[in-house]
Amino acid sequence: MIFLMFVFMIVNFTYNFRDYGIKSIDNKATILAETVKHSLTTQMQTGVIDQRHIFLKQLEDLPNINKIWLSRSHQVIEMYGKGLNNEVARDDIDKEVLKTGNEIKIIDEKLFSNSTYRITIPYKAYSTGQINCMNCHTTAKEGDTLGAITITIPVDDSKQMGINTVIDTTGIALILIVAIGFLINYLISPFLKLFDSIKKVMSKAQKGDYSYRVLDVNNKDAQEVIVWVNTLLEKLESTLGNIDSKISIFLSNKQKEELDPLINVKNTVDRLSDVYKFRKTIEHDDTLDEIYERLATMIRRNLNVENFNLLEADTRTGKVHNVYVSKESYCNLDNGCRADKTNDIVDSTRFENVCAACKKDDLNYFCIPYSISNDLDLIVSIYTNSEEETAQVREKLPYLDDYVDSAKTVIISNKLMNILEKNARTDPLTQLYNRKHLEEQIPKITSQANRTSTNYGVLMVDIDHFKMVNDTYGHDVGDKAIKIVAQTLVENTRNSDVVVRFGGEEFIVLLYNCDEESIVDVANKIRLAFLNKEIPAGNTTIKKTMSVGASMFPAHHKDLDACIKFADLALYEAKNTGRNKVILFTEELAKKES
């Protein structure tokens with residue numbers, strides 16, 4: 001830029017100097033031409049015009065004048081002849097001036113030879129003023145061109161002066177430019193080097209490499225910037241490495257890493273944040289179904305799959321069952337799950353028909369087992385339409401691992417709570433519901449029955465002469481008898497019915513949607529089934545009978561608790577009237593009790 005400015009300045013200076021020189025020569029030549037014109041006019045008035053050649057010769061001998069000549073118009077030649085030294089038009093310029101009456105100025109510039117300046121001015125006839133040209137030139141009219149005066153002047157001196165001036169100015173300017181260049185280089189060079197070094201370092205950082213540092217330069221201010229930038233890069237590199245290594249332990253295997261550790265840290269933090277929010281959410285879920293539902297939502301969002309199932313496997317019994325089905329259950333789980341048995345991923349794209357339990361030929365299956373506890377495994381079965389889709393799922397497995405790992409403790413805690421809750425509501429000997437559970441369910445059953453007009457049959461069951469069994473054979477045989485009663489009750493009732501060990505050898509059965517005719521039939525069915533049961537008693541077996549009292553809810557009373565008491569009254573009547581029978585509550589029993 002400085003060089004271009006220098007060239008522009010020299011060109012402008014040269015042009016202006018040339019223009020000034022031409023104008024100066026033009027002014028001199030114009031003044032000289034007008035002076036010659038007036039002098040010749042004066043000579044014509046004084047009658048010495050015949051001596052004009054001496055005057056012109058004297059002028060030519062003056063410095064800085066090359067030639068002076070006169071040119072007569074055809075009117076003057078007709079009246080006075082061609083004059084001294086053949087004063088006719090010498091060239092086209094003279095002819096043009098004589099013809100048009102306009103002066104012409106021409107500069108003939110040559111770089112390596114003589115240069116000249118020429119001016120040709122017209123001599124016109126006027127009748128006004130101090131001199132009346134018409135007195136002598138009678139044939140002329142006002143404004144006619146009578147002649148022309150031509151003067152040529154050398155411009156070599158001016159040209160040489162201009163060249164010398166331009167050379168001197170150029171030399172001074174060059175010296176100044178070199179000095180400025182050195183000064184600028186001294187002042188700016190360190191910052192240019194600093195910028196170039198920072199550019200290279202930032203280019204590497206843009207690609208994820210933060211190990212490069214800015215090079216040192218010999219400048220105090222630049223060195224401060226270098227220290228700041230290098231310190232920042234060192235902190236950034238060290239911090240990114242520490243963050244990535246420390247927070248990665250909270251996640252499973254990483255997905256494909258980027259070259260830039262900053263992006264890796266961002267991705268890791270994003271994953272950790274999502275997993276944390278998922279964990280905090282499921283901690284407040286009440287049931288395992290809600291937890292599995294949220295896990296399914298995460299699978300859809302992060303693995304981008306829609307067809308999958310979640311299964312629980314009991315490692316002690318080998319039993320497997322679905323806990324979440326997105327579309328359809330494709331596996332026959334009677335013989336367990338291959339992924340659970342092998343504790344390894346089962347992938348049908350790597351080995352066709354690898355799992356005999358899955359018979360869906362038009363789908364690929366990808367089953368991943370996760371150990372939740374010593375007794376529980378969780379299997380995620382994903383179904384895809386192509387090997388490419390399966391490969392995409394395999395690449396995103398770290399996301400699934402993260403969510404399952406974060407859910408493990410919550411699942412275990414929920415399972416334990418379910419077990420504790422079940423133990424609190426279940427009889428440990430028979431695994432039937434206990435009295436506490438019945439007491440909690442009575443308000444719900446009452447409300448539902450009144451709302452839907454549903455009938456319940458209430459059975460109160462008791463083993464006849466049970467105390468004698470304990471006294472004769474011991475409590476172990478008595479416990480076996482109680483278990484057999486529980487088994488008999490379960491075998492002869494439906495899943496919708498509620499079977500409860502009420503206490504000791506007493507049981508209560510709530511028969512859902514049952515009428516008076518059916519209740520007696522079901523009660524006798526249970527009684528006869530137990531009658532045929534053999535109870536192990538050491539080296540022998542014994543048989544026992546049971547008595548059953550029955551009532552109808554809400555036919556006998558709109559309060560279920562009252563109906564249970566009515567069934568107890570009927571049971572008491574059965575025992576007092578010979579045992580091994582079924583008695584249905586009647587109003588007479590209530591009156592008899594009172």
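These numbers were taken from a predicted model, which means no experiment stands behind them.
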Name the atoms and distances for all side-chain donor-acceptor pairs under 3.5 Å in residues 381-388, with sequence neighbours left out.
from, atom 1, to, atom 2, distance (Å)
Thr384, OG1, Ser386, O, 3.4
Thr384, OG1, Thr390, OG1, 2.5
Ser386, OG, Glu389, N, 3.2

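Between the CG atom of Asn302 and the CG atom of Asp402 there is a distance of 9.0 Å, given to the nearest 0.5 Å.
Among residues two or more places apart in sequence or in another chain, the ring-ring contact (aromatic ring centres under 6.0 Å, His included) test is passed with Tyr117 by none. Residues satisfying the salt bridge (charged side-chain N to carboxylate O under 4.0 Å, His left out) test with Arg118, not counting sequence neighbours, are Asp91, Asp94. Tyr324 pairs by the ring-ring contact (aromatic ring centres under 6.0 Å, His included) definition with Phe308, not counting sequence neighbours. Among residues two or more places apart in sequence or in another chain, the salt bridge (charged side-chain N to carboxylate O under 4.0 Å, His left out) test is passed with Glu306 by Arg300. Partners of Tyr292 under the ring-ring contact (aromatic ring centres under 6.0 Å, His included) rule, at least two apart in sequence or in another chain, do not exist in this structure. Checked against salt bridge (charged side-chain N to carboxylate O under 4.0 Å, His left out), Asp274 has the following partners two or more places apart in sequence or in another chain: Lys277. With sequence neighbours excluded, the residues forming a side-chain contact (heavy atoms from CB on, under 4.5 Å) with Ala391 are Arg394, listed by chain and number. Looking at residues two or more places apart in sequence or on another chain, you find no side chain to side chain donor-acceptor pair (under 3.5 Å) involving Asn304. Partners of Tyr80 under the ring-ring contact (aromatic ring centres under 6.0 Å, His included) rule, at least two apart in sequence or in another chain, are His137. Not counting sequence neighbours, Lys199 has no partner by the salt bridge (charged side-chain N to carboxylate O under 4.0 Å, His left out) test.
No hydrogens or angles considered: a donor-acceptor pair under 3.5 Å links the side chains of Thr409 and Arg279. Side-chain contact, Tyr330 with Asn307: a donor N or O sits under 3.5 Å from an acceptor N or O.
Surrounding CE of Met5 are at most 12 heavy atoms belonging to other residues, nucleotides or ligands under 6.0 Å away. Within a 6.0 Å sphere centred on NZ of Lys408, other residues, nucleotides and ligands contribute more than 12 heavy atoms. Shown here is Lys105, whose NZ atom has more than 12 heavy atoms of other residues, nucleotides or ligands within 6.0 Å.
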Stepwise side-chain contact (heavy atoms from CB on, under 4.5 Å) check, Val404 with Ile372: CA-CA 9 Å; Val404 174; Ile372 304 300; 4.2 Å; yes
Working for side-chain contact (heavy atoms from CB on, under 4.5 Å), residues Leu98 and Ser71: CA-CA 8 Å; Leu98 291 173; Ser71 301; 4.2 Å; yes
Working for side-chain hydrogen bond (donor to acceptor under 3.5 Å, both in side chains), residues Asp289 and Thr287: CA-CA 5 Å; Asp289 290 340; Thr287 65; 4.9 Å; no
Check against side-chain hydrogen bond (donor to acceptor under 3.5 Å, both in side chains), Ser329 and Asn322: CA-CA 8 Å; Ser329 178; Asn322 289 304; 2.9 Å; yes
Chi angles and distances behind the side-chain contact (heavy atoms from CB on, under 4.5 Å) call for Trp69, Glu87: CA-CA 8 Å; Trp69 72 83; Glu87 294 174 342; over 6 Å; no
Verdict with reasoning, Tyr399 to Asp401, per side-chain contact (heavy atoms from CB on, under 4.5 Å): CA-CA 5 Å; Tyr399 284 112; Asp401 297 343; over 6 Å; no
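The backbone N or O of Gly81 lies less than 3.5 Å from a partner atom in the side chain of Arg72, making a donor-acceptor pair.
Pairs passing the salt bridge (Lys or Arg N to Asp or Glu O under 4.0 Å) check and including a residue from residues 131-147, sequence neighbours excluded, do not occur.
Looking at heavy atoms from C-beta onward, Ile104 lies in side-chain contact with Glu96 at the 4.5 angstrom threshold.
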